[in-house]
Amino acid sequence: MMPKEKPPITVVGDVGGRIAIIVDDIIDDVDGFVAAAEILKERGAYKIYVMATHGLLSADAPCLIEESAINEVVVTNTIPHEVQKLQCPKIKTVDVSMILSEAIRRIHNGESMSYLFRNITVDD
């Protein structure tokens, strides 16, 4: 394998008739996600979601997502991507500003961080 060359995509297990969720830390160049979604669709996945913490979504990423087998891309608002959302309605955002600000406040004041993980509700 050459540098920057990616290994072939392998699906482990049966995804037929199931929802597939692809998780990564950053989504920038979406070619790999689109290729994975195509393979999952070929193998029978009926919905495909991509979830990432940071949505850079550079260049033609919104167009590629829109034209792909991906049903929805969910990213946090750690990086602004409003323009990309206008270009592709499949891109959804989860607001993490409150939990990040509370984490910073707790660290600054020497308070427990585990409280954040025990006391999160679905509405948060």
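Just so it is clear, the values below take in all heavy atoms, side chains as well, and ignore hydrogens, waters and symmetry mates.
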For P89 versus E66, what's the shortest heavy-atom pair and its separation?
CD-OE1, 3.1 Å

I27 and A52: which non-hydrogen atoms are nearest, and at how many Å?
CG2-CB, 3.7 Å

So that I can tick it off, tell me whether E102 and R105 are bridged by a salt bridge, with the cut-off set at under 4.0 angstrom between side-chain N and carboxylate O.
yes

Is E72 salt-bridged to K47, going by a charged N under 4.0 Å from an acidic O?
no

Keeping the roles fixed (side chain from [X], backbone from [Y]), state whether a donor-acceptor pair exists under 3.5 Å.
X: S58; Y: D28; answer: no
X: D14; Y: G16; answer: yes
X: D25; Y: H54; answer: no
X: N71; Y: Y49; answer: no

Does R106, at its CZ atom, have more than 12 non-hydrogen atoms belonging to other residues, nucleotides or ligands within less than 6.0 Å?
yes

Atom CE of residue position M98 - does it have more than 12 heavy atoms of other residues, nucleotides or ligands inside 6.0 Å?
no

Rounded at 0.5 Å granularity, tell me how far CG in L57 sits from NE2 in H81.
7.0 Å

Rounded to the nearest 0.5 Å, the CD1 atom of I104 sits from the CD1 atom of I99 at a distance of 11.5 Å

Are the side chains of [X] and [Y] in touch, meaning some heavy atoms are under 4.5 Å apart?
X: P62; Y: K85; answer: no
X: I22; Y: L40; answer: yes
X: Y46; Y: I19; answer: yes
X: D24; Y: F33; answer: yes

Kindly work out whether a path of hydrophobic side-chain contacts (I/L/V/M/F/W/Y, heavy atoms less than 4.5 Å apart) joins [X] to [Y].
X: V11; Y: V50; result: yes
X: V74; Y: V23; result: yes
X: I70; Y: M51; result: no
X: V96; Y: I79; result: no

